[in-house]
Each structure stands twice: as C-alpha cells, then as structure tokens.
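Here the structure is laid out as structure tokens; the discussion comes afterwards.
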Amino acid sequence: MQVFDKIISDRGSRYAVSGGPAADRAAVAAMLAELTRVKRFQKATHHSWAAILGDEGVKDDDGESGAGQLILQMLERAGLQDHVVIVTRWYGGKHLGGDRFRHVADAVRHYLRETGAG
C-alpha cells in the first residue's frame with residue numbers, strides 16, 4: 001500500500017490518499033485495517049474509498065456523502081481495475097461545501113500521478 005499524507009489542507013481539514021492492488025472486498029478490508037492501525041489514521045473522520053473489482057465497481061463514502069462515487073468515476077476513467085484508492089479526511093471544524101469534492105478529486109489525481117496508475 002502506498003500512502004501520501006498531508007497533501008491537502010483547507011480551513012483546518014486535512015487530506016491524505018492511499019491505495020494499492022486489491023483483487024476482492026477482503027483485500028480492500030485488509031488494506032483499510034492496515035491503514036487504520038496507524039494511530040494518526042485511526043483518528044481520521046472519513047476514509048472514503050472505491051475500487052473496480054473484476055467488472056464490479058464498489059465504494060464506500062464513510063460519511064463523506066458522494067465521495068466514494070466520485071473516486072469510482074475517476075478510477076473508471078483511468079481504467080484502473082483491481083486497485084483500491086482511499087481518500088482520508090480529518091475534519092477541521094468548518095464545512096467546506098462543494099470544495100470537499102474538489103479536494104477528493106485532487107487527492108485521487110495526486111495518487112494516480114504519483115503511482116503512475118492512471
């Protein structure tokens with residue numbers, strides 16, 4: 001799993017993006033468990049993620065409404081299969097409105113660029 005921490009900060013909210021190969025839902029669950037074993041990530045507000053496993057798109061917003069769908073759409077456009085991307089947010093106390101979607105998209109773009117996955 002690759003983790004890119006502290007990549008975006010806005011009005012107190014901070015973002016990280018992580019990911020790696022995942023062949024099935026069990027692999028996704030294992031990666032989320034590995035990530036949240038790190039104390040800093042345990043304290044995060046949201047771990048939104050998506051993956052295309054075989055031909056099935058799976059996602060979880062983890063309370064960040066719409067974030068999983070956005071990640072999934074970006075993975076579909078990039079043609080990235082059997083790989084999970086997780087966007088982590090630490091809520092900073094101020095609502096970001098639509099900017100939160102821009103930050104999720106920027107985090108996924110960062111991951112795709114840095115890993116050469118997209």
* Asked: Would D10 and K94 pass as an ion pair if we require N to O under 4.0 Å?
  -> no
* For L35, which fellow cluster members are found when Ile, Leu, Val, Met, Phe, Trp and Tyr are connected by side-chain heavy-atom distances below 4.5 angstrom, either directly or through intermediates? -> M1, V3, V28, M31, L32, V38, F41, W49, L53, V58, V84, I86, W90
* Asked: Is a donor on one side and an acceptor on the other found under 3.5 Å between the side chain of T45 and the backbone of Y91?
  -> yes
* To do: Report yes or no: do Y15 and H110 form a side-chain donor-acceptor pair below 3.5 Å?
  => no
* NZ/NE/NH1/NH2 to OD/OE distance under 4.0 Å, E114 and R109 -> no
* Structure fact -> Heavy atoms of I71 and A50 approach each other most closely as CG2-CB, 3.6 Å
* To do: Evaluate side-chain contact (heavy atoms from CB on, under 4.5 Å) for Q69 paired with F101, printing each intermediate quantity in order.
  => CA-CA 10 Å; Q69 183 62 39; F101 292 109; over 6 Å; no
* Asked: Taking atom CZ of R25 as the centre, does the number of heavy atoms from other residues, nucleotides or ligands within less than 6.0 Å exceed 12?
  -> no
* **Where A16 and I7 come nearest, the two heavy atoms and their spacing** => CA-CG1, 4.3 Å
* For the residue pair I52 and L72, what are the closest heavy atoms and their distance? -> CG1-CD1, 3.8 Å
* Asked: Any side-chain heavy-atom pair from K6 and R40 closer than 4.5 angstrom?
  -> yes
* **salt bridge (charged side-chain N to carboxylate O under 4.0 Å, His left out) pairs, two or more places apart, involving residues 61-73** => E64-R89, E64-R100
* **Nearest non-hydrogen partners of S48 and A67, listed with the distance** => OG-CB, 3.5 Å
* Donor-acceptor contact present, side-chain Q81 to main-chain G54, <3.5 Å -> yes
* **Whether S13 side chain and G92 backbone form a donor-acceptor pair below 3.5 Å** => yes
* Validation row: D99, R11 side chains within 4.5 angstrom (heavy atoms) -> yes
* Rounded distance (nearest 0.5 Å) linking atom CG of L75 with atom NZ of K59 -> 12.5 Å
* To do: May I ask you to test the I8-D106 pair for a side-chain heavy-atom distance under 4.5 Å?
  => yes
* Please report the closest heavy-atom contact between S9 and R14, naming both atoms and the distance. => OG-CG, 4.1 Å
